[in-house]
Amino acid sequence: MPLSNHENIIHIPPEPKKPESDDCCGGGSCSPCVWDTYRQARKIWLKTVAEASE
């Protein structure tokens with residue numbers, strides 16, 4: 001049975017937001033750093049966007 005148009009749509013979540021300047025302590029000892037978390041979330045988001053455009 002073929003899928004209807006709405007079943008073919010891949011949900012793309014909104015792009016992750018960059019941390020605010022005061023979200024990072026600047027100490028370099030947080031694990032994970034808010035920037036590490038952001039970069040990982042954005043990497044996953046970019047992959048999702050790329051897969052949706054195939």
Side-chain angles (χ1 to χ4, degrees):
M1 172 193 249
L3 297 175
S4 64
N5 285 342
H6 73 280
E7 291 174 310
N8 289 328
I9 297 173
I10 296 174
H11 174 70
I12 299 175
E15 182 175 1
K17 294 183 181 179
K18 286 185 181 180
E20 299 291 328
S21 60
D22 61 346
D23 288 341
C24 178
C25 72
S29 62
C30 296
S31 182
C33 174
V34 295
W35 284 102
D36 295 333
T37 304
Y38 165 73
R39 286 186 199 105
Q40 181 64 27
R42 189 157 191 282
K43 181 179 178 181
I44 293 167
W45 180 81
L46 287 169
K47 181 179 178 187
T48 302
V49 170
E51 289 173 353
S53 66
E54 292 178 347

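Residue numbers start at 1 and run along the sequence shown.
- Every residue meeting the side chain to side chain donor-acceptor pair (under 3.5 Å) condition with E15, not counting sequence neighbours, appears here in chain and number order: R42.
- Residue K18 holds its NZ atom at 6.0 Å from CH2 of W35, rounded to the nearest 0.5 Å.
- No single ILVMFWY cluster, assembled from side-chain heavy atoms under 4.5 Å apart, contains both I44 and L46.
- Here the side chains of R39 and D36 are in contact, with some heavy-atom distance below 4.5 Å.
- Residues P13 and W45 approach most closely at O-NE1, 2.8 Å, considering heavy atoms.
- Minimum heavy-atom separation, C25 to G28: SG-N, 4.5 Å.
- Between I12 and A52, the shortest heavy-atom distance links the atoms CD1-CB, 3.6 Å.
- Residues satisfying the salt bridge (charged side-chain N to carboxylate O under 4.0 Å, His left out) test with D23, not counting sequence neighbours, are none.
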